[in-house]
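Remarks on the structure that follows.
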Amino acid sequence: MVPEVLLLSLALLLGAVGIQITDLRVPSAVRNNSGSAALLDCEYTLKPEELAADKYSGLVVKWYFKNSPSPVYQWIPGQKPQDLGILKGKLDLSHRASDHGATMHRALYITNPTTELSGEYKCFVSTFDDEDFMTKKMVVFAPEKSLEFTSSRFGPDAVNLTCRARGVYPQPKMALYKDPD
Ligand SMILES: *[C@@H]1O[C@H](CO)[C@@H](O)[C@H](O)[C@H]1NC(C)=O
């Protein structure tokens, strides 16, 4: 292919790209029941003709949690955003990620995330003739409520060492080290 033909086909290809997610921002770790909100934002771009069209060419924004086939959030521009399933009652639906009618309710604003909301989040956007998605994981962690270490001898050369953490999430990796001295 001569370079001009290559450039032209590249331009046609780029021109054909419709809705596209440009960034998915999900906090990787937040503390359980901390009282502070978690913002999961899904940035996307539309073609100029889609932006100009009535109802943005059938734009629908959906969020999914883990591998569930039913969304936990849905927004269609011009309509009220909906919290669904596990996120029902856990979002501030008045939160606006932007002032633009095509993007204002694209984000999840979880007011007080708790451990059961740990997992993979998928933002899925679609128009009449295009769709895109991106996924990211968020962990809502809980520090231990108690940590204890006990040792008990049960023979002349046997000792039982127990390290126990309670109320910690997710399940921790535990390791036992011996002081070289
Ligand atoms: C996380 O917070 C919720 C709400 O306070 C509480 O019910 C739950 O036990 C906590 N989870 C852990 C693992 O501490």
Side-chain angles (χ1 to χ4, degrees), residues 21-44 59-126 131-154 158-181:
I21 295 176
T22 52
D23 200 8
L24 181 66
R25 274 177 282 132
V26 172
S28 53
V30 295
R31 191 173 172 145
N32 185 42
N33 197 33
S34 66
S36 46
L39 179 67
L40 287 66
D41 198 4
C42 179
E43 276 181 23
Y44 49 84
L59 174 63
V60 181
V61 178
K62 287 179 185 172
W63 283 83
Y64 293 87
F65 179 59
K66 291 183 173 167
N67 287 319
S68 174
S70 15
V72 290
Y73 178 85
Q74 177 173 305
W75 175 55
I76 297 169
Q79 294 183 22
K80 278 187 188 153
Q82 284 179 287
D83 49 350
L84 306 159
I86 196 167
L87 289 186
K88 188 106 199 144
K90 297 190 180 148
L91 301 177
D92 178 354
L93 293 172
S94 66
H95 176 82
R96 287 181 176 200
S98 85
D99 289 328
H100 195 284
T103 53
M104 56 169 66
H105 290 299
R106 68 187 184 210
L108 298 182
Y109 191 87
I110 306 176
T111 49
N112 184 23
T114 46
T115 48
E116 76 275 15
L117 300 182
S118 288
E120 196 154 67
Y121 287 81
K122 172 158 85 179
C123 171
F124 179 90
V125 292
S126 59
E131 58 183 49
D132 197 11
F133 71 89
M134 232 186 239
T135 61
K136 245 176 207 174
K137 201 175 154 184
M138 178 172 83
V139 173
V140 184
F141 67 92
E144 80 280 1
K145 290 194 176 63
S146 70
L147 183 68
E148 61 186 54
F149 187 69
T150 56
S151 65
S152 57
R153 185 168 280 282
F154 63 93
V159 60
N160 183 354
L161 304 171
T162 304
C163 184
R164 178 179 288 144
R166 282 200 176 85
V168 58
Y169 186 90
Q171 185 177 313
K173 286 195 188 80
M174 293 176 111
L176 196 61
Y177 296 91
K178 183 179 174 296
D179 190 322
D181 302 327

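When a ligand or atom number is given, it counts from 1 through the structure's own listing order. Just so it is clear, the model here is predicted, and its values are computed rather than measured. Numbering of residues begins at 1 and proceeds along the displayed sequence.
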Does the ring centre of Y121 sit less than 6.0 Å away from the ring centre of Y64? no
Hey, is the main chain of T114 close enough, under 3.5 Å, to the side chain of N33 for a donor-acceptor pair? no
Determine yes or no for a side-chain-to-main-chain donor-acceptor pair under 3.5 angstrom, with S118 supplying the side chain and V140 the backbone. yes
Verify, without hydrogens or angle tests, whether H105 (side chain) and K80 (backbone) share a donor-acceptor contact under 3.5 angstrom. no
Residue contacts for ligand 1, heavy atom to ligand atom, distance under 4.0 Å: N32, N33, T114, T115, A142, K145, G167, Y169
I'd like to know if E116 pairs up with K90 as an ion pair, taking the criterion as any Lys NZ or Arg NE/NH1/NH2 lying under 4.0 Å from an Asp or Glu carboxylate oxygen. yes
Ion pair E148/R164, N-O distance below 4.0 Å: yes
